[in-house]
Amino acid sequence: MNRVPLEGKVLSENARVAAELRERFREHRLPVLNIISSPGSGKTTLLEKTLESFSPSERVAVLTGDLQTENDANRLKRYGFPVKQITTGGTCHLDARMIEKHIADWDLEKLDLLIIENVGNLVCPSSYDLGEAAKIVLLSVTEGEDKPLKYPSIFFKSELMVLTKTDLLPYVPFDVPAAIENARRVHAEMEVVKVSCLTGNGMHEWLTWLERRKHAFLAELAHLVG
Ligand SMILES: Nc1nc2c(ncn2[C@@H]2O[C@H](COP(=O)(O)OP(=O)(O)O)[C@@H](O)[C@H]2O)c(=O)[nH]1
Ligand SMILES: [Mg+2]
């Protein structure tokens with residue numbers, strides 16, 4: 001079987017749909033963030049804490065991807081914001097068509113932020129553009145500081161690395177400066193935030209980053225238009 005041309009076709013079709021989505025998100029002045037990590041790094045927990053911190057008037061929505069179950073959407077729905085689960089069946093990443101389908105009945109004009117929790121995987125999601133403004137990679141302190149070197153693509157493409165579960169640092173031999181250095185060897189401009197969702201340490205820095213990124217997206221748009 002000739003796998004490579006088929007894979008190329010799938011990726012170029014995805015790129016086409018993602019470009020249309022990006023255009024739509026720009027028309028609606030909607031910053032979209034694509035959160036990627038291995039399973040269990042703390043994506044849903046970080047989103048729970050994030051939604052919990054928002055005032056009810058915040059115009060945010062979340063799409064969350066997994067192979068199976070509605071568990072994450074059920075966890076996230078408790079905060080009162082629009083949330084949808086995308087179950088991929090067996091696919092190890094979200095693609096642009098899935099995003100298009102799941103936002104079809106949302107009025108994007110009523111949103112100021114859309115956060116996508118990708119399927120837990122450090123490899124496949126990095127190849128599939130979802131029309132997002134930025135990718136964010138999470139790395140928990142139990143995963144080893146060498147992961148940016150082993151899975152460089154996603155670290156290269158992400159603007160921000162969130163080091164999660166920092167409350168566990170006293171118990172695991174994880175070298176934080178080495179992890180940051182490894183990430184910056186792959187992506188020199190990588191921004192880094194260290195967070196513990198258990199203690200709340202670093203949440204302020206994460207929320208500040210989010211706010212700053214939303215403004216940067218709008219400023220970029222104004223620049224494109226003007
Ligand atoms: N100690 C600790 N555990 C965490 C933290 N964040 C998440 N967890 C735990 O890590 C596990 C996986 O978290 P989850 O958010 O479901 O990860 P996801 O698969 O990336 O969405 C759960 O048992 C969480 O309670 C944290 O900051 N500190
Ligand atoms: Mg999750």
Side-chain angles (χ1 to χ4, degrees), residues 32-54 60-79 81-95 98-99 102 113-126 128 130 132 134-145 147-148 150-151 153-155 157-176 179-180 183 191-210:
V32 179
L33 301 173
N34 181 3
I35 301 192
I36 298 170
S37 80
S38 17
S41 303
K43 297 180 292 302
T44 312
T45 309
L46 182 65
L47 290 180
E48 286 183 279
K49 294 289 169 200
T50 304
L51 297 182
E52 189 181 62
S53 78
F54 284 164
V60 60
V62 179
L63 293 174
T64 180
D66 271 304
L67 267 63
Q68 297 291 349
T69 83
E70 297 267 329
N71 292 359
D72 283 4
N74 291 337
R75 283 166 65 184
L76 294 164
K77 273 177 187 164
R78 292 182 297 180
Y79 303 91
F81 301 101
V83 174
K84 271 194 209 172
Q85 181 78 46
I86 306 178
T87 40
T88 63
T91 310
C92 55
H93 57 267
L94 297 179
D95 66 32
M98 297 176 195
I99 305 302
H102 285 81
L113 178 64
L114 172 61
I115 305 180
I116 302 171
E117 176 186 349
N118 216 311
V119 176
N121 190 308
L122 273 182
V123 184
C124 311
S126 84
Y128 287 81
L130 304 180
E132 72 276 335
K135 288 183 173 65
I136 297 169
V137 63
L138 266 56
L139 177 66
S140 65
V141 303
T142 55
E143 290 173 76
E145 59 278 330
K147 293 306 168 291
K150 289 186 172 174
Y151 302 94
S153 175
I154 189 53
F155 288 86
K157 291 180 179 172
S158 296
E159 283 184 24
L160 171 73
M161 173 170 79
V162 184
L163 272 183
T164 59
K165 310 194 188 182
T166 55
D167 55 281
L168 297 177
L169 280 171
Y171 315 104
V172 287
F174 183 88
D175 185 339
V176 172
I180 296 173
E191 295 179 73
V192 180
V193 171
K194 294 170 253 175
V195 170
S196 165
C197 286
L198 210 71
T199 64
N201 273 347
M203 275 308 288
H204 177 72
E205 285 78 2
W206 156 245
L207 294 170
T208 305
W209 188 92
L210 264 188

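A quick note: this is a predicted structure, and the numbers were derived from the prediction, not measured. Each ligand, and each atom within it, is numbered from 1 in the order the structure gives.
- Residue nearest to atom 17 (O) of ligand 1, selected from C197, G200, G42, S196: G42 (by heavy-atom distance).
- Ligand 1 places these atoms under 4.0 Å from at least one heavy atom of E117: 21 (O).
- Counting heavy atoms under 4.0 Å from ligand 1, residue R75 touches it through the side chain alone.
- Listed by number with element, the atoms of ligand 1 under 4.0 Å from a non-hydrogen atom of D167 are 1 (N), 2 (C), 26 (C), 27 (O), 28 (N).
- Contact atoms of ligand 1 toward G40: 10 (O), 12 (C), 17 (O), 18 (P), 19 (O), 20 (O) (distance under 4.0 Å to a heavy atom of the residue).
- Checking side-chain atoms of E205 against main-chain N and O of V193 turns up no donor-acceptor pair under 3.5 Å.
- In terms of the side-chain contact (heavy atoms from CB on, under 4.5 Å) criterion, residue partners of T87 (sequence neighbours excluded) are, by chain and number, Q85.
- Counting only N and O atoms by type, the side chains of T88 and T91 include no donor and acceptor under 3.5 Å apart.
- The angle subtended at the Mg ion (ligand 2) by OG1 of T44 and OE2 of E117 is 90°, given to the nearest 10°.
- Contact annotation for T44 and ligand 1: heavy atoms of both the backbone and the side chain come within less than 4.0 Å of the ligand.
- Not a single protein heavy atom sits closer than 4.0 Å to atom 23 (O) of ligand 1.
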For this session: Begin from the C-alpha positions of L207 and F54 and carry the test side-chain contact (heavy atoms from CB on, under 4.5 Å) through to its verdict.
Result: CA-CA 10 Å; L207 294 170; F54 284 164; 4.2 Å; yes
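- For atom 5 (C) of ligand 1, a protein heavy-atom neighbour is present inside the 4.0 Å cut-off.
- Contacts between L168 and ligand 1 below 4.0 angstrom, taking non-hydrogen atoms only, involve the side chain exclusively.
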Exercise. Can you check side-chain contact (heavy atoms from CB on, under 4.5 Å) on M203 and V195, steps first, answer last?
Worked result: CA-CA 6 Å; M203 275 308 288; V195 170; 3.9 Å; yes
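- Taking 4.0 Å as the cut-off, G120 does not count as a neighbour of ligand 1 on heavy-atom distance.
- With hydrogens and angles ignored, the 3.5 Å screen pairs no side-chain donor or acceptor of K135 with any backbone N or O of K157.
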